[in-house]
Amino acid sequence: QIPANIPRLPQYTLAKLSGSFTSEDPEQRFFFALSSGEFESARAELDRLKDADKRNMYTQLVLKGQARALLAKSEVMEAVTAIRKLEDPTARLVMYMDAIKTARSKRDADVLRVIVNEARLLIPQTDRNGLHLRALLSFSSQLSRIGATDEALDFLKSAVSSINSLDPP
């Protein structure tokens, strides 16, 4: 039995160590399932939430977690499927950058091109900032490594344009 005055994070840790978690609160059950990598259980708890905004936000958390777990297992295309469902363009861009690293480590040029092409369409939707610039440079680097020099130069030109359009500090 866990005392009620213990904060949530240690409760989750203790529950994970003991192998059991008991709560009637769907949010707590959701976070426990998510932190345990049990994405289907987390989705099931989402159905019990009454607040539609929370349900949508938590769905995005499940998608990110699922994509990260799939990338960790080198299941790149399955991860890309989850990434496509993310609503926030910046979050999608960050996840695509992670997917590129995994695809490159697998030495799969075809999958790498798919990811880069999807990211290329996404880049204009994100704000021009440091993350935007990092993505452009990262994609340029990855493309040059697989011999796609013309595409790499396009990304590099876009990066230079982004640098020139940034406000001075």
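Note that the structure is a prediction, hence the values are computed from the model and not measured.
Between Val62 and Glu40 the shortest side-chain heavy-atom distance does not fall below 4.5 Å. Between Tyr96 and Val80 there is a side-chain heavy-atom pair separated by less than 4.5 Å. With a 4.5 Å cut-off on side-chain heavy atoms, Ile115 and Val76 count as touching.
Closest heavy-atom contact between Ala99 and Leu71: CA-CD2, 3.7 Å. The shortest heavy-atom contact between Leu34 and Ala42 is N-CB, 4.1 Å. Closest heavy-atom contact between Arg92 and Leu86: NE-O, 3.1 Å. Taking every heavy atom of both residues into account, Val111 and Met77 meet most closely at CG1-SD, 3.8 Å. Nearest heavy atoms, Ala152 versus Ser144: CB-N, 3.7 Å. Contact between Ala159 and Leu133 at its shortest, heavy atoms only, is O-CD1, 3.4 Å.
The closest donor-acceptor contact from the side chain of Ser105 to the backbone of Thr102 lies under 3.5 Å.
Residues satisfying the side-chain hydrogen bond (donor to acceptor under 3.5 Å, both in side chains) test with Glu45, not counting sequence neighbours, are Arg29, Arg48. Annotation: salt bridge (Lys or Arg N to Asp or Glu O under 4.0 Å) contacts of Glu118 (sequence neighbours excluded): Arg84.
Using a 4.0 Å cut-off between a side-chain N of Lys or Arg and a carboxylate O of Asp or Glu, Glu78 and Lys73 do not qualify as a salt bridge.
Between Phe31 and Tyr58, the two ring planes are perpendicular [angle over 60°; tilted spans 30° to 60°].
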